[in-house]
Number of protein chains: 2
Amino acid sequence: MQKPTIKDVAKEANVSIATVSRILNNGVGYSAKTKELVLRTIQEMGYSPNAIARGLINKQSNTLGVLMPEISGLVSAEILQGIEKAAHSQGQSVIVCNTAASGKQTIDYLKLLQEKQVDGLLFTSQYLTNEHSTYIAKMNVPVITISAYSEDDSIPAVRVDDERAAYDAVRYLIERGHRHIGMISGSPGDRLAGSPRISGYKQALKDAGIAYDESKVAWRYGFYFEDGQESCAHLLKQHPELTALFAASDELAAGAITTSYQLGLSIPDDLSIIGYDGTKLSKMTLPALTTVSQNFVEMGETAVNRLLNSIRAGKNSDGAIIQHHIIERASVKSIIHTS
Amino acid sequence: MQKPTIKDVAKEANVSIATVSRILNNGVGYSAKTKELVLRTIQEMGYSPNAIARGLINKQSNTLGVLMPEISGLVSAEILQGIEKAAHSQGQSVIVCNTAASGKQTIDYLKLLQEKQVDGLLFTSQYLTNEHSTYIAKMNVPVITISAYSEDDSIPAVRVDDERAAYDAVRYLIERGHRHIGMISGSPGDRLAGSPRISGYKQALKDAGIAYDESKVAWRYGFYFEDGQESCAHLLKQHPELTALFAASDELAAGAITTSYQLGLSIPDDLSIIGYDGTKLSKMTLPALTTVSQNFVEMGETAVNRLLNSIRAGKNSDGAIIQHHIIERASVKSIIHTS
DNA sequence: TTGAAAGCGTTACCAC
DNA sequence: GTGGTAACGCTTTCAA
C-alpha cells in the first residue's frame, strides 16, 4: 500500500484537504472537534507530510548547503558539528559537499545545490573565488563564509582575527622570555591561514624590537602533521638557536613535537611550541599543547544564525569575528631569569 | 526577476514544455535542431531545473539521510567522508543528522528525514533499536548500518569483525613475547565496540594459554582520551606487572600514553601499547601508535553502494565485513629473548 | 517529432 | 468553520 497523502487523510476524516492542511500548519479556522478528529486520523493512518510537495509551493527547501574541501579534518569536522546543531535546532537540514573528494568541482556542487533549491550556502575553509560568487549571485541565495577567504569582500564572513591571534601567540612566547622564535606556517599565498598569521608573527616581533628574519619561517603548502615534521626539521637545522616555535595549526605543532623529539630535544625544556586551532588533538600531544584556540563550533553556529537571518530578511547579513583565546598547557616554558 | 522555469524556456524557444523536458532528460523524440535550439535557450536564460518539482513527480529525492551520534569525532568524520564521496559520485546528496547534539532524538530525525523523502538511511556508530527499525519499516526506505549495532539483525551492516580484530591485536602482542597484557576498553555493555573486543582479547589469551583476569580490563563508558588516561592509571596501579596494553580505540591509547609518561614509564620500553581504529591520531602520538586499522572511508563507501543497490532493487541488500589490518609503528616492543 | 493535459502532494485564496 | 480549486515546476502518457 502506498503511503497516505493529505488527500487520504481528508477522505478518511470526512473533511476537505484544506482543513487538514490548516490543522497541520497551526493555522486558524477549524473547531477543536475537527482538529481532534483529524489529528487522530493522521495518527491512525501514519500520515507524514511530504516536505517536497510543501517545498514546491512554498519555494523553499528548509535546507542549507555546506561546502568544504575536506570533511574528516579536525577543523572541518568541528565546524560542521556547529553548523548541523544550529541548523537542525532551527528546522533546517544540512547537505554536505566535500569539494576536494569525488572529483567534483565546486561549481558542480553549486549547480547541484541550486537544483535542490537550498535556501542558503555555507562556504567553509575554502577560497570563494569571483567565479563562485558570480554563480552564487545568479542563484540568488544568501551565502556566508566560515574561516574562509573570499575574493569578493562583500560576502559576509565568520572567522577569527587571524592576524591578531597569531600576534597574541607570538607575544605569549615573547612575554615568557623567548627572542629566538621560529614559525611553522602554511603557504604564505594562503590569504586566510597563511599570510595573516605570518603578519601577526612579524608584528609581534617588531613590537618587541626583535628583528624579523625570513629564514625563520618555514612552510609547506599544507597544515598537516607531515608538513610540520618537515618544516621543523628544516628550521632547526638552519637555526639551532631557536628556543620557541609558533605553528600555524595544531597538526603542524604535533609534527614539530615529534620531529623535535627525534632530534633529541625535549619539549618544552629545550624548545617551546605553541599551536593554533585548539582542536581535540592539542590536548592529546605529549606534552599537551599550548595553543591559540578558535571556537569552531561557535563559528558554525554563528554562521548558521546569521545566514538564517539573511534568508528571512532577504539580504546578506553581516559577518562576525569570533573571539580566540590561548589555552595554556605544557608545551611552552618561561625562560625568564628570576634572580 | 524570478528564476526561469521550464515553461519560460519553452516559450522562449517556441516549443512545448514537453519537448524541453525530453531534451533535459536525454529522452528520445526530438530533432537535433530543436535540441540545439533548446539547449542554447537554456544556456542564455540561465535555466536550472528544479529538483524539488522533479522529486515530487518521480517520488524520489536523490538524497540519503545519515544519522550519527557525533560528527566531529575522528571516526565519524572519516566515515562521513566516505559516505559523501560515494553518494555524490552517484548523484545522491547527503543530509547529516547529529543525533547527540541539538537535543533532538533519533526518532525526531527519522521523522524529519521521512518528510524530506530521503531515499535511504545510513545509521552510523549508533545503536539501532527495535523502536527505530519499526519506525524505519513504516517509512519504507532501505537502511544500512555502519560500524553500528542493531537489535534487529535483519538489517544489513557494514563493519569490521571486531572480535577478530581485537583477537589479532592481542595476538600481535603475544607473538612479541608479552604475557601480562591489560586491556583498556569501552563499556562491556556496548554491543558494538565493547563486548566483541573484550571477547577477542579473552580468546587470544586463552589460545595462548594465558589465564584471563577480569581485573586486567579497565573501562569507562566512553572511548575518549580522558577515559584512556583514567583507565590506564587505574590499571597500572593494580597491575604494575603489565608489559603491554590493548586499547579499544586510538584515543584511549593516546590517553594511556600520556598517563604512562606521567607515571615515568617509557613507551614502548617499559610498556607496549596497541591501539584500535587507525585514525589520523594514531600517527601523531609520541611514539607513533601501532594500531589495528579499520578503513572507515571504505566502510562509508561500501555502505552507500550497497544502499543504492537496495534502493534500486527495492529490497534490503546484504551487509559486508570490511578487512582490518595492523599498522605497525613504534608503540610496541618485542620482549622475546634472542640469545 | 511534437504538443496538450493530467497529475505528483501541498498551500492559499476565495466562496459559502 | 469549512470546502473547492488554482497553482507550484516538472514528467509522462496520449494524440496528433
Side-chain angles (χ1 to χ4, degrees), chain A residues 1-39 41-42 45-63 91 112 114-119 139-140, chain B residues 1-39 41-42 45-63 111-112 114-119 139-140:
Chain A
M1 195 201 75
Q2 281 301 71
K3 301 196 62 192
T5 72
I6 196 174
K7 201 185 286 182
D8 300 320
V9 174
K11 196 182 300 172
E12 183 73 16
N14 272 309
V15 295
S16 72
I17 51 177
T19 298
V20 178
S21 176
R22 280 186 206 106
I23 292 174
L24 245 25
N25 296 286
N26 299 313
V28 285
Y30 46 79
S31 67
K33 202 162 71 178
T34 353
K35 176 174 179 181
E36 196 207 346
L37 168 65
V38 169
L39 254 23
T41 314
I42 286 177
M45 302 183 73
Y47 166 76
S48 161
N50 183 329
I52 292 207
R54 242 178 209 174
L56 182 58
I57 195 157
N58 291 336
K59 288 166 175 315
Q60 55 168 322
S61 59
N62 291 318
T63 302
L112 175 76
Q114 172 173 219
E115 297 191 359
K116 297 242 163 154
Q117 315 293 122
V118 294
D119 298 336
M139 287 174 68
N140 197 30
Chain B
M1 194 203 76
Q2 280 302 72
K3 304 196 57 192
T5 70
I6 196 174
K7 201 185 286 181
D8 301 319
V9 175
K11 195 181 299 170
E12 185 74 16
N14 272 309
V15 295
S16 73
I17 54 174
T19 300
V20 178
S21 175
R22 282 187 202 104
I23 293 174
L24 244 26
N25 295 286
N26 298 313
V28 285
Y30 47 81
S31 67
K33 202 164 69 176
T34 333
K35 177 174 178 180
E36 196 207 343
L37 168 66
V38 169
L39 254 23
T41 314
I42 286 177
M45 302 183 73
Y47 165 75
S48 160
N50 183 328
I52 291 205
R54 243 177 206 174
L56 184 56
I57 195 159
N58 292 334
K59 288 169 176 310
Q60 53 168 317
S61 59
N62 291 320
T63 302
K111 197 175 302 179
L112 176 75
Q114 173 173 218
E115 296 191 359
K116 297 242 163 152
Q117 315 293 122
V118 295
D119 298 336
M139 287 174 69
N140 198 30

Backbone of B:Gly55 reached by a side-chain donor or acceptor of B:Asn58 within 3.5 Å:
no
Donor-acceptor pair, side chain of A:Lys116 and main chain of B:Asn62, under 3.5 angstrom
yes
Ignoring hydrogens, what is the shortest heavy-atom contact between B:Lys35 and B:Tyr30? Give both atom names and the distance.
CD-CE1, 3.7 Å
Exactly one of B:Val38, B:Thr41, B:Val9 should register a side chain to side chain contact (heavy atoms under 4.5 Å, CB included) with B:Tyr47. Which one does?
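For B:Tyr47, the side chain to side chain contact (heavy atoms under 4.5 Å, CB included) check succeeds only for B:Val9.
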Is the shortest heavy-atom distance from the side chain of [X] to the side chain of [Y] under 4.5 Å?
X       : Y       : result
A:Arg22 : A:Val28 : no
B:Gln60 : B:Arg54 : no
B:Ser21 : B:Asn25 : yes

Rounded interatomic separation in angstrom, taking CG from A:Asn62 and P from C:dT10:
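Rounding to the nearest Å, CG of A:Asn62 and P of C:dT10 are 15 Å apart.
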Just checking B:Val15: base, sugar-phosphate only, or nothing, at a heavy-atom cut-off of under 4.0 Å?
sugar-phosphate
Looking at DNA chain C, which of residues 29-38 of chain A put a heavy atom within less than 4.0 Å of it?
none
Is the number of heavy atoms from other residues, nucleotides or ligands under 6.0 Å of B:Glu12 CD greater than 12?
no
Under 4.0 Å protein heavy-atom contacts per nucleotide of nucleotides 8-16 of chain D, with B for base, S for backbone only and - for none:
BBBBBB---
